[in-house]
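These notes concern the structure reproduced below.
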Amino acid sequence: MIKLPQAPLFGLAAIALWSTNAPVAKWIFQYYPVSYVQLLQFIGALSVFICMHKLNKKKVQGRISLKVILIGLIGLVGTMIFQYLAFAMAPILAANLIAYCWPLILAFMFIIAGTSNSPWILALCSVAGFIGVSMIINTGNEVISYNDWLGYMCALLSAICMASYSFLIGRYHVSSAQVLIPAACIGMIIAGVWVAWEGVSLKLSPLIFVGLYLGAGPMGLGFLFWSIAMRKDLSGRTSLLGYLTPVTSTFLLWLFGETLGLYSILGACLVFLSCIIVGVSSGRSEKPTQPTTL
């Protein structure tokens, strides 16, 4: 029997879930504000993390320290809150592309860490990718509103958080549950305070299950699968699958009726091409990194 490598399979499963993030968010924002969607998300994600932790017989022993909690907050809470603020404020297709350019930022992190033998290729391609991002933002013939700028900044912060999480999670000897459960609890509290501050009434409707899906699916299982993938492949090569995310998520948004102008399309192509070149270069040159215990 052929034994398939587990790390890439978990990585692809995470990407498949993440790709549904923006299309589903675009639809549910017509009915619920961001704060309420986020509360449902963290509830759904926490439920998944707890269930998977209970079912996991091989629990990684490790001390839950402040660093562990911080990694979870950056990765889960930071990525998702900034990402959904971006979806709500800026044009969702452009915000989605920027939020999922985190592999380009991750490439810079590998360069700084000295785990790449071709740093100049990674650096040049990453810069080219960010030029593409600027082309997506600046369509050439439209004035960008203040709200859009805030959304784009949130998308960039989301990308930075996700890149930081991907870089750190495979380098420490802790279980995914130790990182994600505390983060989901804190995220749920933040979202609950957010909902109360905005005075949002918690209405019961079938749409609640859509919000819970965004939590249990892209946020919960997505982050869980990605964390497992990063921990199973210490070489960092599985992280290269993250370069598929902007392609698949943009394709789904296109199917749901989103469009880009010619200038933005050229920028998107530059982002995709940069991601592919960075991915191939990284895959040939990354050095294995041993995890440490927090």
Side-chain angles (χ1 to χ4, degrees), residues 4-25 28 32 35-65 67-81 83-84 161-162 165-166 168-170 172-195 202 204-233 238 241-242 245 291 294:
L4 298 175
Q6 293 184 0
L9 293 178
F10 278 110
L12 288 172
I15 290 167
L17 290 167
W18 287 340
S19 298
T20 65
N21 232 338
V24 177
I28 199 173
Y32 290 148
S35 58
Y36 193 13
V37 174
Q38 288 275 276
L39 178 60
L40 293 174
Q41 279 187 288
F42 282 111
I43 291 173
L46 181 60
S47 301
V48 167
F49 297 151
I50 292 176
C51 288
M52 296 304 291
H53 179 62
K54 295 294 184 183
L55 294 174
N56 184 18
K57 296 180 179 179
K58 296 181 180 179
K59 296 180 173 63
V60 177
Q61 298 298 322
R63 183 169 53 90
I64 301 179
S65 65
K67 288 184 179 179
V68 173
I69 295 174
L70 184 60
I71 290 173
L73 284 176
I74 292 173
L76 186 70
V77 181
T79 298
M80 300 310 298
I81 288 181
Q83 185 183 82
Y84 272 70
C161 287
M162 188 60 205
Y165 179 77
S166 297
L168 293 171
I169 189 63
Y172 294 102
H173 193 66
V174 290
S175 69
S176 302
Q178 286 176 303
V179 177
L180 296 174
I181 289 178
C185 290
I186 295 173
M188 187 171 63
I189 293 171
I190 292 173
V193 173
W194 188 2
V195 167
L202 304 180
L204 297 177
S205 77
L207 290 175
I208 287 179
F209 293 102
V210 178
L212 292 174
Y213 161 75
L214 287 172
M219 183 188 285
L221 291 175
F223 268 84
L224 187 64
F225 290 160
W226 190 252
S227 300
I228 294 173
M230 294 299 96
R231 289 181 58 245
K232 285 184 175 293
D233 183 9
T238 302
L241 293 173
T245 314
L294 287 176

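Predicted model only: the values in this text are computed from it and were never measured. Index from 1, following the sequence.
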- [ ] Please examine the side chains of Val179 and Tyr165, heavy atoms only from C-beta on, and report whether any two atoms are closer than 4.5 Å.
- [x] yes
Open item on the list: Nearest 0.5 angstrom please: Ile190 CD1 to Leu73 CG, how far?
Closed with: 7.0 Å
Open item on the list: Working to the nearest 0.5 angstrom, can you tell me the gap between Gln41 CD and Leu39 CG?
Closed with: 10.0 Å
Task: Residue pair Cys185 / Phe49, side-chain heavy-atom distance below 4.5 Å - done: no
- [ ] Locate the shortest heavy-atom distance separating Cys161 from Ile74; write the atom from each residue and the value.
- [x] CB-O, 3.1 Å
Open item on the list: As an exercise, state the distance from CD1 of Ile69 to CG of Leu180, rounded to the nearest 0.5 Å.
Closed with: 12.5 Å
Open item on the list: Quick check against the 3.5 Å criterion: does Ser35 have a side-chain atom that pairs as donor or acceptor with the backbone of Trp194?
Closed with: no
- [ ] Return the orientation label for the Trp226 and Trp18 ring planes: parallel under 30°, perpendicular over 60°, tilted otherwise.
- [x] tilted
TODO: Please test Phe42 against Ile189 for side-chain contact (heavy atoms from CB on, under 4.5 Å), starting from the C-alpha separation and ending with a verdict.
DONE: CA-CA 9 Å; Phe42 282 111; Ile189 293 171; over 6 Å; no
Open item on the list: Which heavy atom of Leu40 sits nearest to which heavy atom of Leu212, and what is that distance?
Closed with: O-CD2, 3.5 Å
Task: Audit row: Leu12, Phe225, side-chain contact (heavy atoms from CB on, under 4.5 Å) steps and yes/no - done: CA-CA 9 Å; Leu12 288 172; Phe225 290 160; over 6 Å; no
TODO: Quick one: pull up CD in Gln83 and CG in Asn21 and give me the separation to the nearest 0.5 Å.
DONE: 4.5 Å
- [ ] Look up atom CD1 in Ile28 and atom CD1 in Ile208, then write down how far apart they are to the nearest 0.5 Å.
- [x] 9.0 Å
- [ ] Check whether any side-chain heavy atom of Leu224 sits under 4.5 Å from a side-chain heavy atom of Phe10, and report yes or no.
- [x] no
Open item on the list: Please find the pair of heavy atoms, one from Met80 and one from Phe223, that lie closest to each other, and give the distance.
Closed with: SD-CE1, 3.6 Å
TODO: Starting from the C-alpha separation in whole Å, work towards a yes-or-no answer on side-chain contact (heavy atoms from CB on, under 4.5 Å) for Thr20 and Tyr213.
DONE: CA-CA 10 Å; Thr20 65; Tyr213 161 75; 2.8 Å; yes
Task: Minimum-distance pair of heavy atoms, taken over all atoms of Ala191 and Gln38 - done: CB-C, 3.9 Å
Open item on the list: For a quick test of reading the model, state the closest non-hydrogen atom pair linking Leu17 to Gly217 and the distance between them.
Closed with: CD1-O, 3.6 Å
TODO: Specify the closest pair of heavy atoms between Leu214 and Val37, including all atoms of both residues, with the distance to one decimal.
DONE: CD1-CG1, 4.0 Å
